[in-house]
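Computation of the quantities below employed the complete heavy-atom set of this structure, encompassing side-chain atoms and omitting hydrogens, waters and symmetry-equivalent molecules.
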Amino acid sequence: MVGSRGSGKILEIEDDDELRERMTEHARDVASELAWGIDEWDVINHPVKMDGVWRDRFDSDPSAWVEWLNAAREGDPEATLFVNEAAFRNDEETEGYRERYYDMIEYLLEEDAAVDGLGFMGHFSPETLVPPEEALERLDRFAEFDLEIQFTEYDFADDWSEEELPTEQAEQLQADYTRDFYIYTFSHPAVTSVITWGIWEPTHWRDDAAFFREDWSTRPHHDVYKELVFDTWWTKECGETDSEGTYETRGFKGEYVVDAVVDGETRTATVTVDDDRNVVEL
């Protein structure tokens, strides 16, 4: 929110103290005005990689982060508040961001800032892939903060030329890594969601990362995603109850629609299966 495009006019303020105060008000106002429909916020986006305003106008004072998060909490006490950074993929530049991001989160928690989760952007290419074993170790490290983790902008683009990596091979690598990425994120208990950056080539910032080409034909990584999410992990079960009226099955945590039919009459319930609830009564 603080780093949103809507704050452009705010950045025209010349006095540094006034700017900081106005940015704090901005976080509070936007959270309050949209509390009716938005329940998750990236309150501080790119705090490390794009730190120009914070560095140049606020002398790199980390207490500004705390102010913005707490202001957003005042604006919407029920919202889940995140910080978000491009700090996961493998390259020398991102490694530096990752260490600074870790220090930032540590500071926020020490200062009791209103932060509920941390985001990783996840823009990958052939030279920046994170092997699953290494990714899980990285997630374990950040999970020690006991915060919700989301991947907020997953995509995979081929930044190499056709001579370096032919399209067919690049798309196979894209599919293979998409499979690995979704499996290791789905498997980690701290990761609560993955958001794909975009799906259609003409509207994607990295056109060859989109699930769908311009003519709406699919790339192989679309098929991998669909198979994992809608086949492997999408629980569809049916059966008859026992003499006590009980039916048991296994499924992943999440939201379910349950239908029960008795003597031609159907009852339906939408329930959430989590650590605290796994029994449905109809």
Would you confirm whether [X], through its side chain, and [Y], through its main-chain N or O, come within 3.5 Å as a donor-acceptor pair?
X: D155; Y: A209; answer: no
X: R98; Y: R89; answer: yes
X: W54; Y: D61; answer: yes
X: W200; Y: R213; answer: yes
X: D116; Y: L81; answer: yes
X: E74; Y: R28; answer: no
X: Y154; Y: Y182; answer: no
X: D15; Y: D17; answer: yes
X: R22; Y: I13; answer: no
X: D42; Y: I44; answer: no

Audit row: I105, L147, side chain to side chain contact (heavy atoms under 4.5 Å, CB included) steps and yes/no
CA-CA 10 Å; I105 298 164; L147 296 173; 3.8 Å; yes

Is it possible for you to check whether R219 lies under 6.0 Å from the centre of the six-membered ring of F212, through NZ or CZ, and within 45° of that ring's axis?
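Judged by the rule (NZ or CZ under 6.0 Å from the ring centre, within 45° of its axis), R219 is not positioned above F212.
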
If you count heavy atoms of other groups shown closer than 6.0 angstrom to [atom1] of [X], is the number above 12?
X: E106; atom1: CD; value: yes
X: W36; atom1: CH2; value: no
X: E127; atom1: CD; value: yes
X: D146; atom1: CG; value: no
X: E164; atom1: CD; value: yes
X: E14; atom1: CD; value: no
X: D215; atom1: CG; value: yes

Evaluate side-chain hydrogen bond (donor to acceptor under 3.5 Å, both in side chains) for T94 paired with D91, printing each intermediate quantity in order.
CA-CA 5 Å; T94 303; D91 59 66; 2.8 Å; yes

Matching residue for H221 among F211, Y177, F156 - test: ring pair (Phe, Tyr, Trp, His ring centres under 6.0 Å):
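Checked F211, Y177, F156 against H221; only one passes ring pair (Phe, Tyr, Trp, His ring centres under 6.0 Å): F211.
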
Run the side chain to side chain contact (heavy atoms under 4.5 Å, CB included) check on L108 and L69 step by step: do they pass?
CA-CA 9 Å; L108 291 174; L69 285 159; 3.8 Å; yes

Are side-chain heavy atoms of [X] and [Y] found at a separation under 4.5 Å?
X: S217; Y: E201; answer: no
X: R267; Y: E265; answer: yes
X: T246; Y: E248; answer: yes
X: P126; Y: L165; answer: yes
X: L139; Y: F88; answer: yes
X: C238; Y: T249; answer: no
X: M104; Y: Y101; answer: yes
X: D223; Y: T218; answer: yes

Could you pull out the closest heavy-atom pair between [X] and [Y], with the gap in Å?
X: P47; Y: W65; answer: CB-NE1, 4.4 Å
X: S187; Y: Y184; answer: OG-O, 3.0 Å
X: G198; Y: H204; answer: O-CD2, 3.4 Å
X: R20; Y: S63; answer: NH2-OG, 2.7 Å
X: A27; Y: A71; answer: CB-CB, 4.3 Å

Electrostatic pair [X]:[Y] at N-O distance under 4.0 angstrom:
X: K253; Y: D274; value: no
X: R206; Y: D158; value: no
X: R179; Y: D176; value: yes
X: E85; Y: K49; value: no

Give a yes or no on whether [X] and [Y] share a hydrophobic cluster (residues Ile, Leu, Val, Met, Phe, Trp, Tyr; joining criterion: side-chain heavy atoms under 4.5 Å apart).
X: I149; Y: W197; value: no
X: V229; Y: I183; value: yes
X: W68; Y: L109; value: yes
X: W41; Y: M121; value: no
X: V224; Y: W234; value: yes

Is the gap between the ring centers of W233 and F186 under 6.0 Å?
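Yes, close enough.
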
Centroid separation F120 to F151 less than 6.0 Å
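Yes, ring centres under 6.0 Å apart.
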
Between D208 and Q174, does the side-chain hydrogen bond (donor to acceptor under 3.5 Å, both in side chains) criterion hold? Intermediate values first, please.
CA-CA 10 Å; D208 61 358; Q174 183 183 53; 5.5 Å; no

How long is the span from the [atom1] atom in [X] to the [atom2] atom in [Y], to the nearest 0.5 Å?
X: E40; Y: T80; atom1: CD; atom2: OG1; result: 5.5 Å
X: E153; Y: T196; atom1: CD; atom2: OG1; result: 11.0 Å
X: E133; Y: R138; atom1: CD; atom2: CZ; result: 12.5 Å

Do T152 and N84 have a side chain donor and acceptor closer than 3.5 Å?
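Looking only at side-chain atoms, N84 and T152 do form a donor-acceptor pair, the distance falling under 3.5 Å.
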
Using side chain to side chain contact (heavy atoms under 4.5 Å, CB included), reason through L129 and L173 one step at a time and then give a plain yes or no.
CA-CA 10 Å; L129 299 183; L173 176 60; 4.0 Å; yes

Can you list the steps and then say if T167 with E162 is a side-chain hydrogen bond (donor to acceptor under 3.5 Å, both in side chains)?
CA-CA 6 Å; T167 298; E162 179 72 19; 2.6 Å; yes

Show your reasoning for whether side-chain hydrogen bond (donor to acceptor under 3.5 Å, both in side chains) applies to E148 and Q150.
CA-CA 7 Å; E148 181 177 339; Q150 293 190 5; 3.1 Å; yes

State which residues pass side chain to side chain contact (heavy atoms under 4.5 Å, CB included) with R141; sequence neighbours excluded, sorted by chain then number.
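Testing R141 for side chain to side chain contact (heavy atoms under 4.5 Å, CB included), a comparison that skips the adjacent residues, returns E99, Y102.
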
Applying side chain to side chain contact (heavy atoms under 4.5 Å, CB included) to V258 and T268, what does each step give before you reach the verdict?
CA-CA 6 Å; V258 180; T268 301; over 6 Å; no

Residues two or more places apart in sequence or in another chain: which of them pass ring pair (Phe, Tyr, Trp, His ring centres under 6.0 Å) with Y256?
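Testing Y256 for ring pair (Phe, Tyr, Trp, His ring centres under 6.0 Å), a comparison that skips the adjacent residues, returns none.
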
